[in-house]
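Below: the structure, in structure tokens.
Per chain, numbering begins at 1; letters A, B, ... match sequence-line order. No experiment lies behind these values; they were computed from the predicted model shown. Hydrogens, waters and symmetry mates are skipped; everything else that's a heavy atom, side chains included, is used.
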2 protein chains.
Amino acid sequence: MIRHTDALSIGQVSEATGLSVHALRFFEREGLFLRPIPRSAGGRRLYALSDVEWLILCNRLRDSGMPIADLRRFAELVRSGPGNEPERLALLEEHERAVEARIAELNASLAVIHAKVVTYRGHLRDGTVAGVWAPAPSP
Amino acid sequence: MIRHTDALSIGQVSEATGLSVHALRFFEREGLFLRPIPRSAGGRRLYALSDVEWLILCNRLRDSGMPIADLRRFAELVRSGPGNEPERLALLEEHERAVEARIAELNASLAVIHAKVVTYRGHLRDGTVAGVWAPAPSP
DNA sequence: TTAGGAACTAGAGCGTGCTCTAGGTCAAGC
DNA sequence: GCTTGACCTAGAGCACGCTCTAGTTCCTAA
């Protein structure tokens with residue numbers, strides 16, 4: 001249970017985002033946060049809810065295939081303050097196009113795979129072998 | 001230009017499939033072919049058109065995220081001849097579901113990304129800053 | 001015959017993105 | 001005080017899927 005003090009431990013953030021504590025420390029080393037994460041007197045990370053929100057967006061971008069390097073670039077842009085919104089937009093638009101292209105590619109592959117599935121189903125229903133792979137003899 | 005002798009060199013197969021010659025040798029080491037690729041007197045690989053067709057399917061499966069290990073399993077099933085079609089079908093169906101899930105995930109991410117893009121566009125049109133990330137101060 | 005490119009093998013290396021280890025420190029409950 | 005578990009750093013290690021190297025051989029064409 002996350003209390004409303006706005007200061008979350010790494011374990012709580014791990015729970016909230018699905019990222020491992022290792023990954024969170026790794027992300028920090030890689031400069032993916034929008035600010036230096038403050039520490040408690042004892043040296044422990046104190047995350048805010050805004051950090052979690054950012055991580056959730058990061059997750060979306062990562063899960064959709066954005067490389068760490070681009071994520072870092074985006075974080076740098078946001079960190080350096082207002083004025084570079086066109087660059088941020090360009091980065092997002094480029095990623096958007098990449099994701100759309102990836103979806104199109106997957107749909108094309110899916111069609112091929114589905115055709116194979118249908119062929120196998122037909123073969124199994126009818127007992128025929130048309131269209132399925134058979135082992136080729138080695139000459 | 002591929003002549004109709006049915007015996008293709010590794011370079012020709014590389015051209016035809018988009019896989020590098022390194023990748024083709026790697027695939028062979030990994031047992032992804034349906035047969036042992038025969039060799040010329042001088043020890044060079046002699047591919048048939050059916051190998052290329054198989055590679056094109058492999059490409060589809062790989063590109064859509066099937067790991068090499070599953071591809072090898074599928075190749076093993078085909079190699080071991082008729083009788084295991086239900087297993088092949090199961091493997092394909094499982095991959096089909098995985099691809100569908102991946103597409104759904106990407107579509108969800110795309111929606112989030114697109115919302116961000118729209119927000120930034122609005123911001124840039126109007127000169128407002130609502131909804132875009134601003135650098136957070138370190139406490 | 002000889003040059004040059006294409007192919008051969010075995011094995012090392014690499015980029016990405018974490019994940020884990022070692023060797024501690026910190027903090028809360030008993 | 002002491003135990004326990006979460007947390008700390010720095011750095012090594014890993015899984016995947018190729019990619020490249022070194023050193024050699026093959027083959028075609030001039």
Subject >> Which residue lies more 5' along DNA chain D, comparing B:Leu19 with B:Gly42 via nearest heavy atoms >> reply: B:Leu19
Original post:
To the nearest angstrom, how far is A:Arg72 atom CZ from C:dT16 atom P?
Top reply: 10 Å
Subject >> Presence of B:Arg62 side-chain N/O under 4.0 Å of D:dC18 phosphate oxygens OP1/OP2 >> reply: yes
**OP:** For B:Arg25 and for B:Pro67, find the nucleotide of DNA chain D with the closest heavy atom, then tell me which residue's nucleotide is more 5'.
**Re:** B:Pro67
Original post:
Which nucleotide in the set C:dC20, C:dT9, D:dC8 lies at the smallest distance from any side-chain heavy atom of A:Arg39?
Top reply: D:dC8
Original post:
For the ring pair A:Tyr47 and A:Trp54, is the centre-to-centre distance below 6.0 Å?
Top reply: no
Original post:
Does OP1 or OP2 of D:dG17 have a side-chain N or O of B:Arg29 closer than 4.0 Å?
Top reply: no
Subject >> Protein-nucleotide distance (A:Phe26, atom CZ; D:dC14, atom C1'), rounded to Å >> reply: 13 Å
**OP:** May I ask you to evaluate whether A:Ser9 reaches the phosphate of D:dC7, defined as a side-chain N or O under 4.0 Å from OP1 or OP2?
**Re:** yes
Original post:
Quick one: B:His22 NE2 to C:dC14 C1', roughly how many Å, whole number?
Top reply: 13 Å
Subject >> Whole-Å distance separating the CD1 atom of B:Ile68 from the P atom of D:dT19 >> reply: 11 Å
**OP:** For A:Leu32 and C:dC18, give me the distance from atom CG to atom C1', rounded to whole Å.
**Re:** 12 Å
Original post:
Between B:Glu96 and A:Lys116, is there a salt bridge with N-O shorter than 4.0 Å?
Top reply: no
Subject >> Out of D:dC18, D:dC8, C:dA7, whichever nucleotide has its closest atom nearest the side chain of A:Ile10 >> reply: D:dC8
Original post:
Per the atom types in the model, does the base of D:dC26 pair as donor or acceptor with the side chain of B:Arg44 at under 3.5 Å?
Top reply: yes
Subject >> B:Glu15 CD - C:dA7 C1' separation (whole Å) >> reply: 15 Å
Original post:
Between B:Ser14 and C:dA7, is there a side-chain N or O to OP1/OP2 distance below 4.0 Å?
Top reply: no
**OP:** Return no unless some side-chain N or O of B:Arg45 is found under 4.0 Å from OP1 or OP2 of C:dC8.
**Re:** yes
Subject >> Enclosure of B:Glu15 CD (heavy-atom neighbours >12, cutoff 6.0 Å) >> reply: no
Subject >> Whole-Å gap separating C1' (D:dC7) and OH (A:Tyr47) >> reply: 11 Å
Subject >> B:Arg39 and B:Glu28 ion-paired at < 4.0 Å >> reply: yes
Original post:
Taking for each residue the nucleotide of DNA chain C with the nearest heavy atom, is it A:Gly43 or A:Ala23 whose nucleotide lies nearer the 5' end?
Top reply: A:Ala23
Subject >> Distance, rounded to the nearest Å, where B:Glu28 contributes CD and D:dC18 contributes P >> reply: 15 Å
Subject >> Salt-bridge present (B:Arg73, B:Glu76; N to O < 4.0 Å) >> reply: yes
